[in-house]
**Q** 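Below is the structure I would like to discuss, written out as structure tokens.
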Protein chains: 2
Amino acid sequence: MTGRRPKNGLREVAQLAGVSLATASRALSQPDRVSENVRKRIEEVCRQIDYVPNHTARGLSLKRSQMLGLIVPTTSNPLFAPTIDGVRMVLDEHGYNMVIDSAERDHVRELEMVRNLVAHGVDAIVTIMPTHLPELFDFVRKMNVPLVSAHHFSPGKSVPTVGYDNVAAITEMTDHILSLGHHRIAIFSGPGHTTPVIAERLEVIQARLAAAGLPPRPDWVIECDYEVAQMRRAARALIAPDDRPTAIICTGDQHAVSTLVEAQLLGLPVPEKLSVTGCNDVAIAELCNPQLTTQRLPYLELGQAACRLALDMLAGRDVPERTLLPHRMIIRGSTAAPTKGLSS
Amino acid sequence: MTGRRPKNGLREVAQLAGVSLATASRALSQPDRVSENVRKRIEEVCRQIDYVPNHTARGLSLKRSQMLGLIVPTTSNPLFAPTIDGVRMVLDEHGYNMVIDSAERDHVRELEMVRNLVAHGVDAIVTIMPTHLPELFDFVRKMNVPLVSAHHFSPGKSVPTVGYDNVAAITEMTDHILSLGHHRIAIFSGPGHTTPVIAERLEVIQARLAAAGLPPRPDWVIECDYEVAQMRRAARALIAPDDRPTAIICTGDQHAVSTLVEAQLLGLPVPEKLSVTGCNDVAIAELCNPQLTTQRLPYLELGQAACRLALDMLAGRDVPERTLLPHRMIIRGSTAAPTKGLSS
DNA sequence: CTTCCTTGTGAAACCGGTTACATTCTTTGC
DNA sequence: GCAAAGAATGTAACCGGTTTCACAAGGAAG
């Protein structure tokens, strides 16, 4: 503290150690290219003055930032938390940082975010948006920035994609209900217009039921937002009448649990008089009574795989266009064969 | 596409527009300092070649990155999702980006993360860690980087802190149970050793019960991890015996809901024979039967306020050392006076 | 004792922007 | 009609690192 410090970062270190800037830089990034003696002296100085390297400058020079950009549809839906966590786990192993943006379920905004991330110099991008603007593909190709799409296989994606088999998962669940002998089946779904994944499930279930020869019941196809009061109201409307379904297939666990709660309040035993299925296997699927039959979807693994792929692309390795991750049906206590005499 | 592009970013724009680099730069950052004519020409060129600015270079020159660092205790606990969301909301308004790190509930790692974030050039930092290493305060002071701590007021924090009154909230809840006339009260808690906030709640509840003259029942103080099977097992052990409490105060909603489920399985009516309280008011508090009496804690607001404070500090404005956000007790169906004859 | 090759180090260019200062060209005032 | 003020633009230094290249010293080979 005797005089004013140059405060030029590495320049100061170099000066204090009595070497040139270049040597100081090498001592830190390629320790074996400098003499033992000098290296130790520089390390000592770094400790002394508590030197903090400037990754911005480093990034400018090296043209890489050690940062990966992650775009999520929304930060408020806890469903994506495991995916974010998966990305973070892999990033941690590689000393990478994560900058995260929310596209607010909007394609146009997604493209903005991608431009923004590229402007900020991220080395690669993972996006969990289910579908993308075509311009997005042009942009990343032109900018030559690795981008991988995680979550949903939709036609026309021209970037590496990792996902699970949404159609198979919900088909399997529908077949489970059908094979139990149910004929009076309702669908309780999240809003399809904001979420292609949900729209797809809804569509697949309906098609499957029709294929099984069940007459369509439009009043048994409910779309409802994730707000608790709304879900419970809708669930009640579905199961309160005497003319009620014997099974309800939900596109998400929240809707299923809401249904369970309302059934309980109405004194309708599950699964004896009503079977209910969920999807996603979030924590609440086990925190209800009975526990939920649901599909465990690989959200954590989605994040991990997508992140690995992105880093692979960055390293110049070839990556597959599609990576399919397995789902698994978890049959718990909320489904059973319909009571005789009610099912037909 | 006639020849090779210089590909020097703004230099290329300048060249194509027939102006100097400085003018091009000004046209974008201070449009009113260049002539109408030139500005339009430059904007046109930018559009033509789809110019993407380099924020890294900009950051190096300006010494600010338009990025804020956020440190969370863990990304796997969805409890912090609203806080992250709150930060993001405010950041969006200011055109800031967020780089997020997980400290894995570890102080030492938190300090590493802070150093890492500073090295990456973030303009300010928000951390949701409940307590910090003393070295952290020295570091941020020395580096002169705005840091605000959100979540918990613990003694000795020498940085601006935003939080809620954890002690008051859990005291209020304990008093609610006491005032209903309960004397046989158990505590079902998350793990205190990993989470100071939980440890504090546990301590406060015990002190309050003792102050009310209740004899201590060590077997009615349970600490249990957040894993569903574990929580349910512990809850069952607590309420299965005939010698059971008439009320269970939980330090988190998950524990409370687990208890609710087990009570239901045992045919133990809530709230008639057992009162249960939660804390945090996460979504499941409304997705159970009966709905949970709990404390609504301002997690979203925590993120918003902390982020605003951080940006204020960055702008050189004075900020309060402590910002207290209100909590609110939400009395729902899971609590009631004990049945006569059982309570005493 | 040269000559050639290593090895360690320094000087300077560079990454892609921002900006203080200098310069040129208009205005405006007297 | 000329000086002074003002507006638009250009020149060059700078942010804090990395890296190419040149150079000097030391060791091995001839």
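Numbers restart at 1 for each chain; the letters A, B, ... are given by sequence-line order, proteins then strands.
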**Q** Using modelled atom types only, decide if a donor and an acceptor are shared between the side chain of A/Thr161 and the backbone of A/Arg322 within a distance under 3.5 Å.
**A** no
**Q** Between A/Ser29 and A/Arg58, is there a side-chain donor-acceptor contact under 3.5 Å, judged purely by atom types and distance?
**A** no
**Q** Whether B/Tyr51 contacts C/dG16 is assessed here as follows: a side-chain N or O lying under 4.0 Å from the phosphate OP1 or OP2. Is that the case?
**A** no
**Q** For A/Thr23 and A/Val38, work out which heavy atoms get closest and say how close.
**A** CG2-CG1, 3.7 Å
**Q** Which heavy atom of B/Arg105 sits nearest to which heavy atom of B/Met129, and what is that distance?
**A** C-CE, 3.9 Å
**Q** Is any side-chain N or O of A/Lys63 closer than 4.0 Å to OP1 or OP2 of C/dG16?
**A** yes
**Q** Does a salt bridge link B/Lys40 with B/Glu44, judged by any charged N lying under 4.0 Å from a carboxylate O?
**A** no
**Q** Sort me out a list of protein N/O and nucleotides 23-25 of chain C N/O pairs below 3.5 Å, or just none if empty.
**A**
none

**Q** Can you find a side-chain donor-acceptor pair between B/Arg88 and A/Thr75 that sits under 3.5 Å?
**A** yes
**Q** So how far off straight is the helix from C/dC1-D/dG30 to C/dC30-D/dG1, going by the axes through five pairs at either end, to 10°?
**A** 50°
**Q** Between B/Asp123 (side chain) and B/Ser65 (backbone), is there a donor-acceptor pair under 3.5 Å?
**A** yes
**Q** Ignoring hydrogens, what is the shortest heavy-atom contact between B/Gly18 and B/Arg41? Give both atom names and the distance.
**A** O-NH2, 4.3 Å
**Q** Identify, with sequence neighbours excluded, every residue that meets ring-ring contact (aromatic ring centres under 6.0 Å, His included) alongside A/Tyr51.
**A** none
**Q** Given side chains that start at C-beta, do those of B/His152 and B/Tyr164 come closer than 4.5 Å, heavy atoms only?
**A** no
**Q** Does a side-chain heavy-atom distance below 4.5 Å link A/Asn54 with B/Leu60?
**A** yes
**Q** Any residue in residues 113-123 of chain A with a heavy atom nearer than 4.0 angstrom to DNA chain D? Just list them by number, or reply none.
**A** none
**Q** State whether A/Gln30 places a side-chain N or O below 4.0 Å from either non-bridging phosphate oxygen (OP1 or OP2) of D/dT19.
**A** yes
**Q** Which letters describe nucleotides 4-13 of chain D, given B = protein heavy atom under 4.0 Å from base, S = only from sugar-phosphate, - = neither?
**A** ----SBBB--
**Q** Please write out the pairs of protein N or O atoms and N or O atoms of nucleotides 22-24 of chain D separated by less than 3.5 Å, giving the distance to one decimal.
**A**
none

**Q** Which heavy atom of B/Pro78 sits nearest to which heavy atom of B/Ser76, and what is that distance?
**A** CD-O, 3.1 Å
**Q** Of all the nucleotides listed (C/dT19, C/dG17, D/dG16), which has the minimum atom distance to the side chain of A/Leu60?
**A** D/dG16
**Q** Any side-chain heavy atom of A/Ile84 sitting closer than 4.5 Å to one from A/Met98?
**A** yes
